[in-house]
**Q** 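Pasting in a structure now, in structure tokens, and then I'll have a few things to ask.
All chains are named by letter (A, B, ...) in the order of the sequence lines, taking the proteins before the strands, and each is independently numbered beginning at 1.
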Number of protein chains: 2
Amino acid sequence: MSSDPLGFAPHDHTRCVQSALAEVVRLCAERGVQMTPVRRRTFEILLEEHTAMGAYDVLARLDAEGLGSKPPVAYRALGFLVDQGFAHRIERLNAFIACAHPGADHNPAFMICRTCGTVAEAAAGHGPLGASAALAGFQIEQTVIEAEGLCPLCQTPETAP
Amino acid sequence: MSSDPLGFAPHDHTRCVQSALAEVVRLCAERGVQMTPVRRRTFEILLEEHTAMGAYDVLARLDAEGLGSKPPVAYRALGFLVDQGFAHRIERLNAFIACAHPGADHNPAFMICRTCGTVAEAAAGHGPLGASAALAGFQIEQTVIEAEGLCPLCQTPETAP
DNA sequence: CGCTTCCTGTTATGTTATAACATACATAGT
DNA sequence: ACTATGTATGTTATAACATAACAGGAAGCG
Ligand SMILES: [Zn+2]
Ligand SMILES: [Zn+2]
Ligand SMILES: [Zn+2]
Ligand SMILES: [Zn+2]
């Protein structure tokens, strides 16, 4: 399990963006689904920062670029990205974030900084529920795991944004 | 950790309701907070079924009983219950559920049946994020753990509701 | 009584999400 | 060429969820 909690800690973000984009383009071809302009731009917008964006924030960006102005446009593009595993919905925030490892088989877990809004994705199994679920006879299909707290930078007041 | 995934499997629900109610009344007295009619009735409504209810569903019930008709009434009562640990918010459903173990020190995890809507509460630590978080230097304050799937009854088509 | 605190009532609005229908465009079969 | 089909987009309208802000009432206390 390549646990790579990207997001906190600096990194070459230009590369980070380029590789993610290249990977999803490749996956779309492989899967026979279309990476259309709206979908591509939506993904790029999500990739800009390692923070989650609300659908309406994404929509505002798309609108400014003439790619659509009505809610369904954004929700459809985001839905596509989520369905393909290229983005994730953060339930706690009612928002969306680009996947850190598109294509990789994953059941993601997230760490959300309540101060700076940075969201890091980590690998997770089905969490601590496996045992309880087995005991109760519950068949898990999907698990939401989202931790809220303080990222390394925001723990020290001096370096906090 | 008294893992008691109540909710699935039949039980004496009348007792289940009575003990929860008695416990929260006791806790309110102990903490010096008020269990007012609106709050009490809201809690009772949540207790009726082991499913999550939307704020507006709760409000409709309160309204029918003359206890309040405007959203803030329901949101305030639900907010009180959540703050006191008497109820939980299910992020995935934008809904609320009565706590299975009011007063107990807990970081709850939930199993949500996508067919019948039953929600069971189980005990959880901070989930599988502990390791990743420690590694990344992230300080967890609160964790959302919600599994969606099929409850025991809904796995066998014959017995499903 | 005057004051504070907590709870409730109400108005208005903000935010997030989807149903439903119409249009465009490509590709495949006839 | 022409029609059918599938997929994506455009648009309207509305549903569903949530809170800001202010007004009033009841309880406790100097
Ligand atoms: Zn990056
Ligand atoms: Zn931070
Ligand atoms: Zn019960
Ligand atoms: Zn079920």
**Q** I need the CG-P distance between A/Leu78 and C/dT18, as an integer number of Å.
**A** 11 Å

**Q** Whole Å only: how far is the CZ atom of A/Arg41 from the P atom of D/dA8?
**A**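 For the pair A/Arg41 CZ and D/dA8 P, the rounded distance is 20 Å.
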
**Q** Taking atom C1' of D/dT9 as reference, at what distance in whole Å does atom CG of A/Leu59 sit?
**A**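 After rounding, the gap between these two atoms is 13 Å.
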
**Q** Run the salt bridge (charged side-chain N to carboxylate O under 4.0 Å, His left out) test on B/Glu146 and B/Arg92 for me, step by step, so that the C-alpha distance in whole Å, both residues' side-chain angles and the decisive distance to 0.1 Å come before the verdict.
**A** CA-CA 7 Å; B/Glu146 298 171 359; B/Arg92 184 64 180 273; over 6 Å; no

**Q** Between D/dG10, C/dT16, D/dT19, which nucleotide gets closest to the side-chain atoms of B/Pro72?
**A** D/dT19

**Q** Just checking, any donor-acceptor pair under 3.5 angstrom between side chains of B/Gln34 and B/Arg39?
**A** no

**Q** In whole angstrom, give the distance that lies between atom CE of A/Met35 and atom C1' of D/dA8.
**A** 14 Å

**Q** Would you call the rings of B/Phe8 and A/Phe138 parallel, tilted or perpendicular if under 30° counts as parallel and over 60° as perpendicular?
**A** parallel

**Q** Taking the side chain of A/Val73 as heavy atoms from C-beta outward, which of D/dT11, C/dA17, C/dC7 is closest to it?
**A** D/dT11

**Q** Is the phosphate of D/dA18, meaning OP1 or OP2, less than 4.0 Å from a side-chain N or O of B/Arg89?
**A**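 Checking D/dA18 against B/Arg89, a side-chain N or O does come within under 4.0 Å of OP1 or OP2.
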
**Q** In whole Å, what is the span from the CD atom of A/Glu91 to the C1' atom of D/dC17?
**A** 14 Å

**Q** In whole angstrom, what separates B/Phe96's CZ from D/dA16's C1'?
**A**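 Whole-Å distance recorded here is 13 Å.
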
**Q** Rounded off to whole Å, could you give me the CG-to-C1' distance for the A/Leu81 and D/dA8 pair?
**A** 14 Å

**Q** Hey, which sits more toward the 5' end of DNA chain C by its nearest nucleotide, B/Pro71 or B/Gly68?
**A**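 Counting from the 5' end, the first nearest nucleotide belongs to B/Gly68.
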
**Q** Picking from D/dT9, D/dT12, D/dT19, which would you name as closest to the side chain of B/Tyr75?
**A**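 Of the candidates, D/dT19 comes closest.
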
**Q** Got a donor-acceptor contact below 3.5 angstrom from the A/Gln155 side chain to the A/Leu150 backbone?
**A**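 Side chain of A/Gln155 to backbone of A/Leu150, a donor-acceptor pair under 3.5 Å: yes, one is there.
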
**Q** If you find the nucleotide of DNA chain D closest to B/Arg76 and the one closest to A/Ala77, which residue's nucleotide is nearer the 5' end?
**A**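 This one resolves to A/Ala77.
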
**Q** Can you tell me how far P of C/dA19 sits from NZ of A/Lys70, to the nearest Å?
**A**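 Distance check: A/Lys70 NZ to C/dA19 P gives 18 Å.
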
**Q** Pick base, sugar-phosphate or nothing for B/Leu62, based on heavy-atom distances below 4.0 Å to the nucleic acid.
**A**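 Contact class for B/Leu62: none.
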
**Q** Which part of the nucleic acid, if any, lies within reach of A/Arg39 when heavy atoms closer than 4.0 Å are counted: base, sugar-phosphate only, or nothing?
**A** sugar-phosphate

**Q** What's the closest nucleotide to the side chain of A/Thr36 if the choices are D/dT9, D/dT7, C/dA17?
**A** D/dT9

**Q** Does B/Tyr56 get its side chain close enough to the base of D/dA15, under 3.5 Å, for a donor-acceptor pair?
**A**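 Check fails, no donor-acceptor contact within cut-off.
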
**Q** Name the residue closer to the 5' end of DNA chain C, choosing between B/Phe80 and B/Asn94 according to the nucleotide with the nearest heavy atom.
**A**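 Nearest nucleotide further toward 5': that of B/Phe80.
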
**Q** Strictly below 4.0 Å: does A/Gln34 bring a side-chain N or O up to OP1 or OP2 of D/dA8?
**A**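 Yes, because at least one side-chain N or O of A/Gln34 sits under 4.0 Å from OP1 or OP2 of D/dA8.
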
**Q** Judged by modelled atom types alone, do A/His88 and A/Glu121 share a side-chain donor-acceptor pair under 3.5 Å?
**A** yes

